[in-house]
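Below, chains carry the letters A, B, ... as their sequence lines are ordered, and counting in each starts from 1. Note that the structure is a prediction, hence the values are computed from the model and not measured.
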Amino acid sequence: MGMFDGLNPKQREAACAGDGPLLILAGAGSGKTRTLTYRIAYLIAEKHINPMNILAVTFTNKAAGEMKERVAALVGPDADRMWVSTFHSACMRILRSNISLLGYDDRFTVYDTDDQKTTMKNVCKRLNIDTKRYKERTILSEISSAKNELMDESGYEKYVLNDFSKTVYARAYREYQETLRKNNAVDFDDIIMLTVRLFDEFPDVLERYRERFKYILVDEYQDTNTAQFELIRLLADKYKNLCVVGDDDQSIYRFRGANIRNILDFEEHYPEATVIKLEQNYRSTQYILDAANAVIANNRGRKDKKLWTDAGEGKKPVFNQFDTAFEEAEYIVSDIRHRNKMGTGYGSCAVLYRTNAQARILEERLIMAGIPYNVVGGVNFYSRAEIKDIIAYLKVIDSGIDDLSVRRIVNVPKRSIGNATLEKVLDYADARDISLFTAMCEAQDVPGLGKAASKIKVFTDMIGVLRAYRDNASIAELINKIIEMTDYEEYLKDQDEEKAEDKIGNVNELVSKAVAFCDGRPDASLSDFLEEVALVSDLDSADLTEERVLLMTLHSAKGLEFPIVYLAGMEDGLFPGYMSISSGDDEDIEEERRLAYVGMTRAEKELIMTCAKARMLRGETQFNPVSRFVTEIPSELVEGFVPGKKKKRPADDCYESDYPRRASSFSYAKKEEKPVKPVKALYTGTAGLESLGIKKGFQKAAEAAEPDYAVGDRVRHFKFGAGTVTALVREPRDYKVSVDFDAHGQKVMYASFAKLVKE
DNA sequence: CTCCTTTGTCTTTTT
DNA sequence: GACAAAGGAG
């Protein structure tokens with residue numbers, strides 16, 4: 001069978017495995033997507049499965065698009081009839097035709113993170129929840145976790161009975177959910193949870209989809225959360241033709257509910273499962289793989305596997321430490337420029353980092369050096385204010401049920417409709433149980449409005465005109481009409497002359513996106529467009545083919561590969577992040593380590609790791625030691641001096657002896673080490689840290705030690721000088737200390753970072 | 001009602 | 001250090 005000649009024996013075994021549950025453990029760069037694609041092709045071409053009966057699920061739209069394309073290349077247009085989509089868009093499709101069973105209108109909208117936050121703010125106001133004590137974000141993430149665990153508001157209330165500190169969340173959850181329902185909206189997590197509920201409560205619906213999707217394939221299975229797991233389980237339970245592909249070592253989305261146990265316990269869920277391991281790596285050279293293997297080996301409870309390659313040993317990974325983040329960026333940029341002179345294209349280089357904030361300093365240096373680059377991720381295109389404004393207009397034109405959108409645009413641009421007016425209309429709407437927009441249409445009946453009623457009428461009339469206009473115009477034309485009727489460009493210029501140009505550009509970009517969306521599907525409705533927009537991120541459209549250096553977070557880099565990879569900011573406190581260090585939960589550090597593994601295995605030919613001794617973080621200079629992930633690499637596998645590298649120590653008894661020992665944290669060199677200065681010409685030298693009056697070393701943040709000062713004591717801060725302690729509050733992870741500084745006034749800071757010295 | 005100033009919070013990561 | 005939200009003045 002010629003079709004499968006391009007696969008290695010293991011890949012072929014996986015692609016051509018028989019029916020029943022199948023787990024493909026695919027290490028980084030082992031041809032995972034390729035194997036999955038061929039498996040689908042095998043089902044269609046060899047087993048003559050009707051493509052209609054196949055459901056392939058991925059996490060990103062990009063992955064879905066690529067897979068569909070690749071399958072089409074193998075089996076032809078038949079591929080169009082199968083579902084290849086993300087969890088979210090698959091569920092959206094199911095909900096669109098069935099959500100009325102759950103009591104929602106089938107023209108429901110999807111709230112993004114911003115919308116959720118606004119909603120929660122209103123909820124807190126209504127329930128008199130003190131948002132100083134319970135932040136909207138915290139409440140929302142609690143609700144999100146609950147939904148990822150399939151706990152609806154009633155379930156959560158029961159769960160909370162054992163924990164009174166959480167009753168506030170339970171109240172907020174219920175009110176939040178009611179608000180969403182009133183607005184006929186769902187959030188991201190609802191999309192999955194409601195689909196599961198639909199299947200639970202309506203077995204006939206489930207049965208229909210079970211018959212439809214006789215073959216199910218899931219990519220990146222290690223990133224599924226409980227709700228997604230349950231969804232797949234329900235669908236696959238009848239025929240059990242479930243093929244999942246993943247790598248437990250690349251599970252990096254625990255923070256948003258991914259449950260690594262889903263992949264680790266697959267064989268327990270499906271005892272009859274076939275398991276195939278893909279361990280041959282086609283991406284990197286041996287040194288890089290060895291280094292990555294050495295790091296990930298420090299994690300416990302992983303599926304045993306070891307990547308190998310026949311690509312040759314290649315070059316050793318390189319490590320360099322610098323005095324400041326500025327010098328680090330300088331080095332990376334000059335190294336890229338040097339390589340470019342030697343013939344390496346800019347497009348071959350990628351700089352990966354832990355947090356988006358690190359991009360800025362790198363960008364500055366790249367601009368100065370005149371090197372073309374792209375930053376992937378960061379602020380999502382669709383969450384920019386100007387785009388959200390236009391989308392809100394579209395949503396109101398489309399349905400008007402969604403109060404949130406109405407409130408967003410009612411006074412944008414300024415129409416002299418303020419909060420007081422809005423509150424009156426809102427009261428009127430509440431009393432009658434109608435939507436805000438409907439109430440606004442009856443503004444003349446709303447008591448106490450006075451002149452404001454006519455202002456509202458101008459607005460509702462305009463929406464009316466736009467609605468009429470929509471009926472025989474394309475979406476792009478409609479957007480242009482909105483801009484024209486609202487004088488939106490004028491509004492942007494009034495706001496900020498400088499930024500206006502960019503923003504107008506973005507709005508035009510949205511028009512192009514609308515044109516592209518309608519291209520090839522003339523019957524697409526406004527609702528379809530809005531749905532697409534809700535589920536798409538601009539990560540999906542990132543162009544990786546240009547000859548530009550790419551900057552992105554480690555998370556965004558998953559699934560990609562580059563000849564030259566820089567891992568910047570390899571510092572304990574940044575990567576692994578401060579949060580994961582101080583949480584005291586090993587799982588957190590392990591997740592960060594998997595992230596390091598993902599980063600290292602992106603490199604094909606060369607891996608360059610860098611870090612800085614001092615770095616500006618949250619407005620304060622932080623001094624961090626070399627990342628433990630660097631020190632976990634055996635020195636014979638690294639080029640360059642790793643300071644603070646510990647000697648092997650006798651095993652402590654924290655861990656069972658058959659697990660690799662976790663590297664101990666926060667060991668740092670006691671003696672002064674010479675800074676690595678690979679780029680002598682650029683290195684300007686910095687005064688020693690000590691001269692700034694700072695004690696060297698990283699203060700251990702976990703288990704905050706009680707400060708040796710108390711309220712009323714005189715203390716000294718390295719930057720703010722002398723002051724008096726006015727308050728000392730114990731917080732879960734640290735002491736929060738308030739100091740009244742003689743020269744700088746009142747400051748509140750965390751004790752472990754403030755490094756206050758008692759006088 | 002709007003504009004301006006001040007204050008506080010934030011930095012993980014995103015479908 | 002950046003940006004949003006809240007609060008106060010006109």
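Taking atom CG of residue A:Asn419 and atom P of nucleotide C:dA5, one finds them 13 Å apart after rounding to whole Å. If you measure from atom CD of A:Glu587 to atom P of B:dT13, you get 21 Å, rounded to the nearest angstrom. One can place OH of A:Tyr491 at 10 Å from P of B:dC3, the figure rounded to the nearest angstrom. Between A:Arg594 atom CZ and B:dT13 atom C1' the separation is 13 Å, expressed in whole Å. When the P atom of C:dA4 is taken as reference, atom CZ of A:Arg384 falls 13 Å away, rounded to whole Å. Computed from coordinates, the A:Asn356 CG to C:dC3 C1' distance equals 15 Å when rounded to whole Å. Spacing between atom CG of A:Asp114 and atom C1' of C:dA5 amounts to 14 Å, rounded to whole angstrom units. Rounded to whole Å, the distance from OH on A:Tyr111 to P on B:dT15 is 21 Å.
Relative to the side chain of A:Phe255, the nucleotides B:dC1, B:dT15, B:dT13 differ in distance, and B:dT13 lies closest. Distances from the side chain of A:Arg256 to the nucleotides B:dT2, C:dA5, B:dT14 place B:dT14 closest. Closest approach to the A:Lys121 side chain among B:dC1, C:dA6, B:dT15 is made by C:dA6 (side chain taken as heavy atoms from C-beta onward). Side-chain proximity of A:Ser416 to B:dT15, B:dT14, B:dC1: nearest is B:dC1. For A:Lys414, the side-chain atoms get nearest to B:dC3 when compared with the rest of B:dC3, B:dT13, B:dT9.
Each of A:His555 and A:Thr138 was matched to the nucleotide of DNA chain B holding its nearest heavy atom; the match closer to the 5' end belongs to A:Thr138. Remark on DNA chain B: of its neighbouring residues A:Glu591 and A:Leu422, the 5'-side contact belongs to A:Leu422, judged by nearest-heavy-atom nucleotide.
Within the 4.0 angstrom heavy-atom criterion, no nucleotide atom of any strand lies near A:Ser89. Contacts of A:Phe59 with the nucleic acid, taken as non-hydrogen atoms under 4.0 Å apart, involve only primed sugar atoms and P, OP1 or OP2. Across all strands, A:Leu617 comes closer than 4.0 Å to no nucleic acid atom at all (heavy-atom distances). Across all strands, A:Asp189 comes closer than 4.0 Å to no nucleic acid atom at all (heavy-atom distances). Among the heavy atoms of the strands lying under 4.0 Å from A:Arg360 are primed sugar atoms or P, OP1, OP2 only; no base atom is included.
With sequence neighbours excluded, the residues that form a salt bridge (Lys or Arg N to Asp or Glu O under 4.0 Å) with A:Arg261 are A:Asp265. Qualifying side chain to side chain contact (heavy atoms under 4.5 Å, CB included) partners for A:Thr131, counting only residues two or more places apart in sequence or in other chains: A:Cys124, A:Glu136. Residues passing the salt bridge (Lys or Arg N to Asp or Glu O under 4.0 Å) test with A:Arg602: none are found, sequence neighbours excluded. The salt bridge (Lys or Arg N to Asp or Glu O under 4.0 Å) check on A:Asp585 picks up A:Arg254, with sequence neighbours excluded.
One finds no side-chain N or O of A:Thr131 lying less than 4.0 angstrom from the OP1 or OP2 phosphate oxygen of C:dA6. For A:Lys62, no side-chain nitrogen or oxygen approaches OP1 or OP2 of B:dT15 to under 4.0 Å. In this model, the phosphate group of B:dT14 is not approached by any side-chain N or O of A:Thr113 to a distance below 4.0 Å at OP1 or OP2. In this model, the phosphate group of B:dT14 is approached by a side-chain N or O of A:Ser556 to a distance below 4.0 Å at OP1 or OP2. Phosphate contact (OP1/OP2 of B:dT2, side-chain N/O of A:Asn411, threshold under 4.0 Å): present.
By the 4.0 Å N-to-carboxylate-O rule, A:Arg360 lies too far from A:Glu363 to be salt-bridged with it.
The stretch residues 451-459 of chain A does not touch DNA chain B, since none of its heavy atoms comes less than 4.0 Å from the strand.
Ring planes of A:His555 and A:Tyr253: tilted class, angle from 30 to 60°.
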task: Evaluate the side chain to side chain contact (heavy atoms under 4.5 Å, CB included) criterion for residues A:Thr118 and A:Tyr111: first the C-alpha distance (whole Å), next the side-chain angles of each, then the deciding distance (0.1 Å), finally the verdict.
output: CA-CA 10 Å; A:Thr118 318; A:Tyr111 274 8; over 6 Å; no
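Taking a pair as Watson-Crick or G-U wobble with both distances under 3.5 Å, DNA chain B forms stems of 3 or more consecutive pairs at B:1-10 with C:1-10.
For the residue pair A:Pro447 and A:Tyr428, the shortest heavy atom distance occurs at CD-CD1, 4.1 Å.
Screening A:Thr226, A:Asp152, A:Asp190 for a side-chain hydrogen bond (donor to acceptor under 3.5 Å, both in side chains) with A:Lys147, the sole residue that qualifies is A:Asp190.
Taking the ring axis of A:Phe381 as reference, the NZ or CZ atom of A:Lys513 stays within 45° of it and closer than 6.0 Å to the ring centre.
The local environment of CD in A:Glu501 is sparse, with at most 12 non-hydrogen atoms from other residues, nucleotides or ligands closer than 6.0 Å.
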